[in-house]
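One structure below.
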Amino acid sequence: MHFKALALASFVSAAAGQSLTEALENFQEQLAGMTDITLLAPSDAAFAGTLANDSLTELTANEAMITSLFSYHVLNGTYSNFSIMPEFIVTALMQGPYSNVTGGQVVEVIASSNSTNATVSFFSGLLQESMIIPPGSTNSSSGSGNGTTFDGGIIYVIDQFLVVPENITNTAVQLNLRSAVGALGAADLDTSVNGLTDVTCFIPDNEAFQAVGATIATSSDADLARIMQYHIVNGTVGYSSTLTNGTTLTTLNGIDVTITELDGNIFVNSARVITPNVLVANGVIHVIDGVLNPGNMTASADPTATSQEPAFSGASAATDAPFTSGVTSATTSVNTEAPTSIASAAAGTSEAKAPVQTGAIGAAALFGGAAIMMNM
Ligand SMILES: *[C@@H]1O[C@H](CO)[C@@H](O)[C@H](O)[C@H]1NC(C)=O
Ligand SMILES: *[C@@H]1O[C@H](CO)[C@@H](O)[C@H](O)[C@H]1NC(C)=O
Ligand SMILES: *[C@@H]1O[C@H](CO)[C@@H](O)[C@H](O)[C@H]1NC(C)=O
Ligand SMILES: *[C@@H]1O[C@H](CO)[C@@H](O)[C@H](O)[C@H]1NC(C)=O
Ligand SMILES: *[C@@H]1O[C@H](CO)[C@@H](O)[C@H](O)[C@H]1NC(C)=O
Ligand SMILES: *[C@@H]1O[C@H](CO)[C@@H](O)[C@H](O)[C@H]1NC(C)=O
Ligand SMILES: *[C@@H]1O[C@H](CO)[C@@H](O)[C@H](O)[C@H]1NC(C)=O
Ligand SMILES: *[C@@H]1O[C@H](CO)[C@@H](O)[C@H](O)[C@H]1NC(C)=O
Ligand SMILES: *[C@@H]1O[C@H](CO)[C@@H](O)[C@H](O)[C@H]1NC(C)=O
Ligand SMILES: *[C@@H]1O[C@H](CO)[C@@H](O)[C@H](O)[C@H]1NC(C)=O
Ligand SMILES: *[C@@H]1O[C@H](CO)[C@@H](O)[C@H](O)[C@H]1NC(C)=O
Ligand SMILES: *[C@@H]1O[C@H](CO)[C@@H](O)[C@H](O)[C@H]1NC(C)=O
């Protein structure tokens with residue numbers, strides 16, 4: 001099959017306006033010069049769903065934005081098979097307003113180990129899951145497919161658009177991590193953290209903040225800033241595939257956190273990773289179940305405990321999650337069920353469990369982040 005024809009069929013079927021047409025022409029010129037790539041082409045149904053939600057009109061008003069969305073669907077390298085271990089594949093979405101990750105933004109891919117119904121899932125921004133549709137299939141039942149080869153590489157049809165990863169704050173809002181968003185704001189770190197290159201963020205969930213809420217909410221501004229800085233690693237994008245047992249990472253306040261793998265779980269000091277690998281514009285977020293304490297170098301996971309002690313000795317809980325006042329609410333429903341447990345990946349178990357998709361990512365979320373980032 002001729003590559004250009006397929007790209008056109010897929011992308012132009014949605015052509016709505018002048019700027020989209022121009023963007024497509026530019027995109028195709030860009031593609032024409034590329035070899036050794038894998039193109040993830042959204043299915044017609046994926047286009048129809050997006051068009052139905054008006055968002056493409058918004059998107060097409062901005063050529064740079066649509067180019068970045070398309071670039072994100074181009075993987076660097078010809079991938080003919082995928083592993084049951086999570087892989088983070090570099091895309092053609094390079095450094096720029098939508099990507100502050102050295103070498104280019106990535107997409108996570110995981111194959112299922114089920115040989116009778118093999119599936120391949122890509123996870124992009126906001127944990128959006130896009131599955132490969134086997135050639136010849138007219139419905140949305142997904143499968144491993146085998147791709148269609150062309151001169152420059154291979155093409156797979158996927159059932160949903162990838163979502164371009166958004167900034168840390170908006171991603172945390174959409175994942176309902178409201179305490180963390182409020183605490184980053186209160187510590188005056190919001191803007192600076194979103195402006196870093198190559199970041200790993202360990203973000204405690206609301207319950208984690210609430211468990212130490214009465215103590216942490218009365219910390220001085222300087223102490224709160226030190227605590228929040230201890231959750232951010234500058235200069236390293238630590239996808240789960242790189243967080244091996246015993247890894248230490250230096251945080252923004254200069255103190256290290258330690259990664260430990262115990263009984264199939266991954267811990268950051270004593271906090272457990274509950275949702276790994278949420279891709280953001282400038283790196284990755286791992287959601288954790290405890291607030292990290294830079295003043296507690298001895299905090300470590302107790303393998304015999306079902307839940308860990310907070311890392312703040314004598315801390316008391318608040319009646320509500322702290323720091324949430326004034327924090328905006330999620331506008332979309334994100335499935336935070338871990339795509340694969342970070343730990344089963346680390347432990348190399350063969351059951352890479354297919355996630356359950358609980359909610360569609362609103363099209364506004366799909367393109368909204370990119371829209372805002374254009375204004376920066
Ligand atoms: C569009 O909106 C409808 C209803 O709100 C939803 O069911 C559907 O999944 C959305 N499609 C996309 C691609 O977001
Ligand atoms: C693809 O990756 C190779 C290194 O593996 C790099 O040299 C090349 O610049 C990349 N190309 C693009 C378009 O990202
Ligand atoms: C699948 O990938 C593995 C590792 O990259 C490689 O050794 C193997 O040959 C590949 N199989 C096929 C059918 O491409
Ligand atoms: C990317 O990071 C650099 C700092 O490394 C910063 O100057 C720049 O503003 C960031 N870009 C975006 C779009 O956030
Ligand atoms: C594999 O997929 C088939 C078909 O969807 C299903 O019936 C079976 O239970 C799956 N097996 C495992 C081990 O998940
Ligand atoms: C969808 O396609 C698969 C094969 O790709 C087929 O097994 C299944 O029966 C189809 N389902 C419907 C409802 O057409
Ligand atoms: C294969 O698995 C996918 C994803 O879990 C599911 O949507 C599809 O119906 C399954 N196909 C068959 C034939 O069981
Ligand atoms: C993919 O290719 C393999 C062998 O190369 C074949 O056994 C399998 O049926 C193909 N799958 C599909 C969905 O075409
Ligand atoms: C983050 O790292 C970059 C590159 O090493 C450095 O230039 C920058 O000052 C660091 N930012 C902070 C806030 O530490
Ligand atoms: C990880 O390292 C710790 C020691 O720091 C050890 O107790 C634990 O067994 C190791 N985990 C694995 C899975 O090897
Ligand atoms: C350090 O963290 C551990 C939990 O790992 C906790 O039991 C202990 O009380 C903490 N110590 C201090 C001084 O906060
Ligand atoms: C993060 O993204 C949101 C939504 O796209 C935007 O409103 C906000 O200004 C951004 N924040 C920063 C610090 O870039």
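Quick note: numbers below take in every heavy atom, side chains included, and nothing from hydrogens, waters or symmetry partners. Read the numbers this way: they start at 1 and go in the same order the structure lists the ligands and their atoms. If you're wondering where the values come from, they're calculated on a predicted model, not measured in any experiment.
- Classified by interplanar angle (parallel below 30°, tilted 30° to 60°, perpendicular above 60°), the ring pair Phe88/Tyr239 is parallel.
- When only interatomic distances are considered, the shortest N/O to N/O separation between Thr260 and ligand 10 does not fall below 3.5 Å.
- Contact atoms of ligand 4 toward Asn100: 1 (C), 2 (O), 3 (C), 8 (C), 10 (C), 11 (N), 12 (C), 14 (O) (distance under 4.0 Å to a heavy atom of the residue).
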Please list, one pair per line, the donor and acceptor atoms closer than 3.5 Å that link side chains of residues 312-322 to other protein atoms, with sequence neighbours excluded.
none

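- Counting only heavy atoms from C-beta outward, the side chains of Leu175 and Val287 approach each other to under 4.5 Å.
- Near ligand 9, residues Leu196, Asn234, Leu252 come within 4.0 angstrom through at least one heavy atom.
- Inspection of the Asp302 and Thr304 side chains reveals an N or O donor paired with an N or O acceptor under 3.5 Å.
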* To do: Apply ring pair (Phe, Tyr, Trp, His ring centres under 6.0 Å) to the pair Phe82 and Tyr156, showing each step before the final yes or no.
  => CA-CA 12 Å; Phe82 299 98; Tyr156 297 98; 5.6 Å; yes
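- Side-chain N/O atoms of Ser241 and Glu87 include no donor and acceptor closer than 3.5 Å.
- By the criterion of side-chain heavy atoms lying less than 4.5 angstrom apart, applied directly or through intervening Ile, Leu, Val, Met, Phe, Trp or Tyr residues, Val212 is not grouped with Val327; the two fall into different hydrophobic clusters.
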